[in-house]
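Report on the following structure.
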Amino acid sequence: MSELSKSLGTMEFDGLIADINPKLVVSGGTIRKLSKADTIKRGTVLAKSGGTAGDNKLVVLGPAAASNEVLTAYCILCDDVAVGTTDDVIAPVYLMGCFNSNKVTVANSYTMTEADKDALRMRDIVLLPVVEM
């Protein structure tokens, strides 16, 4: 009987998810290999590569697009992911949900634009400013 209420672990609240509506939808996404290995953090906004030079892979929102490539804000990374220089990485991403705008990140020296926010909203990714108590 003592095994019926056993603690299996702990979870630390990071404040990324702001609400239960719209519901969270998680899927796998292919993150493009990097020129220098790095770890991409949970809550990073990822853009999908499109256009005539696009490869439909995900990159951190913010870097300049290649010639004839269009980068559109697409999803949010679920977990920290190590990305190397030789292979693309398949990682879990949020395709829908309501997120704390103060907890999502983009590439260094990049500021998310209204067009980026609109692209996310079109995919049912809502960003709300949440005041922490």
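Predicted model only: the values in this text are computed from it and were never measured.
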Would Tyr110 and Asp116 count as having a side-chain donor-acceptor pair, cut-off 3.5 Å? yes

How long is the gap from [atom1] on [X] to [atom2] on [Y], to the nearest 0.5 Å?
X     : Y     : atom1 : atom2 : result
Arg42 : Leu16 : CZ    : CG    : 4.5 Å
Thr52 : Asn68 : OG1   : CG    : 3.5 Å
Leu24 : Cys78 : CG    : SG    : 8.0 Å
Ser49 : Glu69 : OG    : CD    : 3.5 Å
Lys57 : Ile90 : NZ    : CD1   : 10.0 Å
Arg32 : Asp88 : CZ    : CG    : 8.5 Å

May I have the step-by-step check of side chain to side chain contact (heavy atoms under 4.5 Å, CB included) for Thr44 and Ile76, ending in yes or no? CA-CA 6 Å; Thr44 300; Ile76 296 176; over 6 Å; no

Counting C-beta onward and ignoring hydrogens, is there a side-chain heavy-atom pair between [X] and [Y] closer than 4.5 Å?
X      : Y      : answer
Thr39  : Val83  : no
Ser35  : Thr85  : no
Asp14  : Lys103 : no
Leu95  : Tyr74  : yes
Met96  : Arg123 : no
Ile17  : Asn100 : no
Leu128 : Ser101 : no

Under the criterion side chain to side chain contact (heavy atoms under 4.5 Å, CB included), I'd like the reasoning laid out for Cys98 against Ile20: C-alpha separation, chi angles, the key distance, then a yes or no. CA-CA 7 Å; Cys98 183; Ile20 60 172; over 6 Å; no

Please check if Val104 and Val60 belong to a single hydrophobic cluster, counting links between Ile, Leu, Val, Met, Phe, Trp and Tyr side chain heavy atoms closer than 4.5 Å. no

Specify the closest pair of heavy atoms between [X] and [Y], including all atoms of both residues, with the distance to one decimal.
X      : Y      : value
Leu61  : Ala47  : CD1-CB, 3.9 Å
Ala73  : Ala119 : O-CB, 3.7 Å
Cys75  : Leu120 : N-CD2, 4.0 Å
Ala107 : Gly62  : CB-CA, 4.0 Å
Gly29  : Leu58  : CA-CD1, 3.8 Å

Within the side chain of Asn102, is there an N or O that forms a donor-acceptor pair under 3.5 Å with the backbone of Val130? yes

Side chain to side chain contact (heavy atoms under 4.5 Å, CB included), paired with Leu46, selected from Val59, Val106, Ile31: Ile31

Begin from the C-alpha positions of Leu77 and Tyr94 and carry the test side chain to side chain contact (heavy atoms under 4.5 Å, CB included) through to its verdict. CA-CA 6 Å; Leu77 189 61; Tyr94 293 112; over 6 Å; no

Is it the case that over 12 heavy atoms from other parts of the model lie below 6.0 angstrom from the CG atom of Asp118? yes

Give the intermediate values and the outcome of side chain to side chain contact (heavy atoms under 4.5 Å, CB included) for residues Val26 and Val93. CA-CA 6 Å; Val26 177; Val93 295; over 6 Å; no

